[in-house]
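Here's the structure, in structure tokens; my notes come after.
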Amino acid sequence: METIAADTGRVRVRFSPAPSGSLHVGSARTALFNYLFARRHGGTFILRIEDTDQSRSRDEWARAIEDALGWLGLNYDEGPVFQSQRTEEYRRAADDLLTRGLAYECFCTEADIKARSATSTQPDQTPGYDGFCRDLTPEHRGQAKAAGKTASLRFRTPDTGVSRFTDAIRGEVRVEWSSIPDFVIVRADGNPLFYLANAVDDLAMEITHVIRGEDLIDSTHRVLVLRAAIASTPPPVYAHLPLILGPDRAKLSKRHGAVALEEFRSAGYLPEAVANYLALLGWSPKDGREIMDLDEVVAEFGLDSVTHAAAAFDHDKLDWVNGEWIRRLTLGELEARIRPLADARFGERLDPEIFRAALAVGQERAVTLVELLAQMDFLFAGDEFSISDEAWAKVTGTDQVEAVLTVVVAHLADCEWTIEGVDLRSPLSEAGFKVRKVMPAIYACIEGRPSGLPLFDSLVLLGREVAIERVAAVQERLAGTV
RNA sequence: GCCCCCAUCGUCCAGCGGCCCAGGACGCCGCUCUUUCAAGGCGGUAACGGGGAUUCGAAUUCCCCUGGGGGCACCA
């Protein structure tokens, strides 16, 4: 039977995560590439939740994954399809395979298998299954069941020959069947396993291209042989993406910092930037552009230009991309994006007017939204304003600070309260101070940190009264110290 | 242990037999701009893992080694 997909040549891809945790950047990249491919070819992008393992799956994780995809801007056209609701489909396929002798009941427990391999004459052999129940007679099976044993279902893999498939980005991949043991397709409790559900669903959903991580490359042979046993429909094209490693080229983990998409979000990264960076990890446009939005990437995306080697996640480069994106937003867009984070950080103390103005001066220097907010702490800290040790060192490390601050207070007390009026350069140099030398100390008094928003803009936003108070507080502290 | 995939600057990529004593980006280092720190501008540092083979000619093709990653679950 020809499928609609085959008839029209329509591309249908799916992102199929297991809801056993929030969306990991590696999975996000896989989702992204599926999305890009679908959009590039006017195809359909489907979300399928692979939750056949009851013990590891949780609804809240499925929701978290959907949220993360939405945040990234990867909207799907179909789904989510939950495999846990399609158990009957898998069971029917499994029964058929059993009936046809392509699969068999296995009564071995994990402990049985482990025990046998431990006493094997050839220790350290392949950790897989040894085929113990492969040719059990009906009598044996009857005895096992009578003894109360439950059976899992194993697929009988070929003993000889080679399994091969052509990977869209790696070319032909081949492996000897002898290295692939009979594998379980239905658990003893009746629930299907990944291989089965995967084969059945890709068939049922008429998936044309399977784009996933390279960690699944070896499982392809199993899914393919299973699929062929279930139906004669031509298999989809497989494309295995290079994995994303940590900066040290080891498996990317929490140890390397943020790994869940949600963490990047709360750390102040823009979805455009994360998607942009992820697209560049393993792919690049012909002209070498770096900063691109999703549509621009879609316009040029192709599996043939995907890299083969695993890539190390580079936080520095992500930071740069994020900064570029922050600068690309209009002030209004930036404000809309950062507002939730700002409310969480400053609450009632946030003054919308001042906030917007501060945003304007901070936009051109920010790396992340959170970092941008941190630069505004001095504006909305209220009574909790304090000077960091690092900043205080700038104060005490400046020659004649007291005299400098006296000049500062004098000027701030009766200058015009505008960017120009608040300019301390003239009064300072007229008093004989080197502006560049003395600036850090003044900066520290006002903003409490060694770096951040430009001083004169900051003074204007802070207001004359508070500004003078802060300098005065430092003068008192210095007097008390001396 | 066995199997699979991969291999260009510190990192991400370009390169698909001559245009390459290898190009771009991040980082890093200078310089510049400058009211702190950034951002910006300019410049610099830095790589084809090793050995064979094919060829008039290899970063580019083939083989071996080495190295890195992944897999070998009643996880996906």
Side-chain angles (χ1 to χ4, degrees), chain A residues 16-20 27 50-53 55-57 106 108-110 113 122-129 150-154 167 170 173-176 178-181 183-189 191-195 197-198 212-221 240 242-243 245 247 249-251 277 280-291 305 307-321 323 327 362-367 375 391 394 422-425 428 435-436 438-444 446-447 449-459:
Chain A
S16 48
S20 54
S27 302
E50 306 216 327
D51 56 351
T52 54
D53 188 335
S55 66
R56 297 174 207 240
S57 302
C106 174
C108 301
T109 62
E110 206 177 327
I113 298 170
Q122 298 164 296
D124 251 11
Q125 285 300 294
T126 304
Y129 184 62
T150 52
S152 59
L153 207 61
R154 275 182 195 278
D167 188 282
R170 286 159 210 285
V173 177
R174 43 183 299 159
V175 61
E176 299 277 339
S178 59
S179 69
I180 301 179
F183 55 95
V184 176
I185 55 176
V186 178
R187 297 179 172 80
D189 66 9
N191 281 121
L193 250 84
F194 162 68
Y195 303 112
N198 203 270
R212 24 127 79 155
E214 195 194 341
D215 53 332
L216 291 167
I217 198 167
D218 289 307
S219 75
T220 306
H221 300 93
H240 293 276
L243 263 22
L245 274 25
R249 300 205 71 79
K251 184 180 162 93
Y277 176 68
L280 256 23
L281 221 45
W283 177 84
S284 63
K286 205 67 186 136
D287 61 11
R289 259 176 306 158
E290 304 264 20
I291 303 303
S305 47
T307 304
H308 296 187
F313 194 94
D314 184 350
H315 285 90
D316 287 336
K317 183 137 186 180
L318 203 213
D319 281 348
W320 173 73
V321 174
R327 253 146 258 140
Q363 179 171 26
E364 66 187 66
R365 59 212 301 109
V367 171
Q375 294 189 356
K394 300 286 187 188
V422 99
D423 193 331
L424 289 159
R425 283 174 294 185
L428 244 21
V435 175
R436 300 186 63 78
V438 114
M439 239 20 230
I442 303 171
Y443 192 90
I446 302 300
E447 307 201 28
R449 53 192 346 250
S451 65
L453 301 181
L455 183 63
F456 303 156
D457 295 270
S458 299
L459 283 170

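Every chain is numbered from 1, with letters handed out A, B, ... down the list of sequences.
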Reckon [X] touches a base, only the sugar-phosphate, or nothing at all at heavy-atom distances under 4.0 Å?
{"X": "A:E214", "value": "base"}
{"X": "A:C108", "value": "base"}
{"X": "A:I180", "value": "nothing"}
{"X": "A:G288", "value": "nothing"}
{"X": "A:L453", "value": "base"}
{"X": "A:T52", "value": "sugar-phosphate"}
{"X": "A:K251", "value": "sugar-phosphate"}

Next item on the list: Take A:V173 and A:D53, find for each the nucleotide of RNA chain B with the closest heavy atom, and name the residue whose nucleotide sits nearer the 5' end.
Entry: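 Taking each residue's closest nucleotide, the earlier one in sequence belongs to A:V173.
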Checklist line | Nearest-nucleotide comparison on RNA chain B, the residue closer to the 5′ end among A:R436 and A:F194 | finding: A:R436
Can you tell me how far [atom2] of [N] sits from [atom1] of [X], to the nearest Å?
{"X": "A:E50", "N": "B:C74", "atom1": "CD", "atom2": "C1'", "result": "17 Å"}
{"X": "A:E447", "N": "B:U36", "atom1": "CD", "atom2": "C1'", "result": "8 Å"}
{"X": "A:D167", "N": "B:G71", "atom1": "CG", "atom2": "P", "result": "16 Å"}
{"X": "A:F183", "N": "B:A76", "atom1": "CZ", "atom2": "C1'", "result": "14 Å"}
{"X": "A:L424", "N": "B:U36", "atom1": "CG", "atom2": "C1'", "result": "12 Å"}
{"X": "A:R170", "N": "B:C3", "atom1": "CZ", "atom2": "P", "result": "19 Å"}
{"X": "A:D319", "N": "B:C26", "atom1": "CG", "atom2": "C1'", "result": "10 Å"}
{"X": "A:L216", "N": "B:G69", "atom1": "CG", "atom2": "C1'", "result": "14 Å"}

Should [N] form a Watson-Crick or G-U wobble pair with both distances under 3.5 Å, which nucleotide is its partner?
{"N": "B:G1", "result": "B:C72"}
{"N": "B:G44", "result": "B:C28"}
{"N": "B:A22", "result": "none"}
{"N": "B:G67", "result": "B:C6"}
{"N": "B:C16", "result": "none"}

What residues form a salt bridge (Lys or Arg N to Asp or Glu O under 4.0 Å) with [X], not counting sequence neighbours?
{"X": "A:E447", "value": "none"}
{"X": "A:D189", "value": "none"}
{"X": "A:D314", "value": "none"}
{"X": "A:R449", "value": "none"}

Item checked: side-chain hydrogen bond (donor to acceptor under 3.5 Å, both in side chains) against A:E50, all qualifying residues, sequence neighbours excluded ->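 Only A:R48, A:Q83, A:N198 meet the side-chain hydrogen bond (donor to acceptor under 3.5 Å, both in side chains) criterion with A:E50.
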Next item on the list: Assess whether one donor atom and one acceptor atom, taken from the side chain of A:Y129 and the base of B:A73, lie less than 3.5 Å apart.
Entry: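 No such pair is found, so the answer is no.
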Note to self: Could you check whether the side chain of A:D215 and the base of B:G71 have a donor-acceptor pair of N or O atoms closer than 3.5 Å, going by distance alone?
What the structure shows: no
Margin query: Please determine whether a side-chain nitrogen of the Lys or Arg among A:R187 and A:D53 lies less than 4.0 Å from a carboxylate oxygen of the Asp or Glu.
Written below: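 Yes, A:R187 and A:D53 are salt-bridged.
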[X] side chain: which of [options] is closest?
{"X": "A:A188", "options": "B:G70, B:C74, B:C75", "value": "B:C74"}
{"X": "A:L243", "options": "B:G71, B:U36, B:G69", "value": "B:G69"}
{"X": "A:S451", "options": "B:C37, B:G70, B:A76", "value": "B:C37"}

Gap in Å between the two [atom1] atoms, one belonging to [N] and one to [M], rounded:
{"N": "B:U55", "M": "B:G43", "atom1": "P", "result": "44 Å"}
{"N": "B:C5", "M": "B:C42", "atom1": "C1'", "result": "43 Å"}
{"N": "B:A59", "M": "B:C72", "atom1": "C1'", "result": "35 Å"}
{"N": "B:G57", "M": "B:G18", "atom1": "C1'", "result": "6 Å"}
{"N": "B:G15", "M": "B:C20", "atom1": "P", "result": "15 Å"}
{"N": "B:U34", "M": "B:U60", "atom1": "P", "result": "49 Å"}

Notebook entry, point to check: Are any side-chain N or O atoms of A:S458 and backbone N or O atoms of A:P454, one a donor and one an acceptor, separated by less than 3.5 Å?
Noted result: yes
Notebook entry, point to check: Between A:Y277 (side chain) and A:W320 (backbone), is there a donor-acceptor pair under 3.5 Å?
Noted result: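 No; zero donor-acceptor contacts below 3.5 Å.
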Checklist line | Short side-chain N/O contact from A:R449 to OP1 or OP2 of B:C37, under 4.0 Å | finding: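 No, outside the criterion.
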Item checked: Distance test, side-chain N/O of A:R187 to OP1/OP2 of B:A76, below 4.0 Å ->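 Yes, within the criterion.
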Note to self: Contact between A:K394 and A:P450 at the side-chain level, heavy atoms closer than 4.5 Å - yes or no?
What the structure shows: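 With C-beta onward as the side chain, the pair touches.
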Checklist line | Heavy-atom side-chain proximity of A:V438 to A:I442 below 4.5 angstrom | finding: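 They are in side-chain contact.
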Item checked: Test ring pair (Phe, Tyr, Trp, His ring centres under 6.0 Å) applied to A:H315 - qualifying residues, sequence neighbours left out ->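 Listed in chain order: A:F313.
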Check: What residues form a ring pair (Phe, Tyr, Trp, His ring centres under 6.0 Å) with A:Y195, not counting sequence neighbours?
Finding: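 Listed in chain order: A:F183.
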Next item on the list: Just jot down the side chain to side chain contact (heavy atoms under 4.5 Å, CB included) partners of A:T220, sequence neighbours excluded, or say none.
Entry: A:F165, A:R212, A:L224, A:Y238, A:H240
Next item on the list: Could you tell me which residues satisfy side chain to side chain contact (heavy atoms under 4.5 Å, CB included) with A:V184, sequence neighbours excluded, listed by chain and number?
Entry: A:S152, A:R154, A:L193
Show me the protein contacts with nucleotides 8-14 of chain B, counting only N or O atoms at under 3.5 Å.
unit_1: B:C12; atom_1: OP1; unit_2: A:R249; atom_2: NH1; d: 2.9
unit_1: B:C12; atom_1: OP1; unit_2: A:A312; atom_2: N; d: 2.9
unit_1: B:C12; atom_1: O2'; unit_2: A:L280; atom_2: O; d: 3.1
unit_1: B:C13; atom_1: OP1; unit_2: A:G282; atom_2: N; d: 2.8
unit_1: B:C13; atom_1: O3'; unit_2: A:S284; atom_2: OG; d: 3.3
unit_1: B:C13; atom_1: O2'; unit_2: A:S284; atom_2: OG; d: 2.7

What are the atom names and distances for every N/O pair under 3.5 Å that joins the protein to nucleotides 46-51 of chain B?
none

Polar atoms only, N or O, under 3.5 Å: list the protein pairs with nucleotides 39-44 of chain B and their distances.
unit_1: B:A39; atom_1: O4'; unit_2: A:E364; atom_2: O; d: 3.4
unit_1: B:A39; atom_1: O2'; unit_2: A:E364; atom_2: O; d: 3.0
unit_1: B:G40; atom_1: OP1; unit_2: A:E324; atom_2: OE2; d: 3.3

Note to self: Does either side chain, that of A:S305 or that of A:W283, offer a donor lying less than 3.5 Å from an acceptor on the other one?
What the structure shows: yes
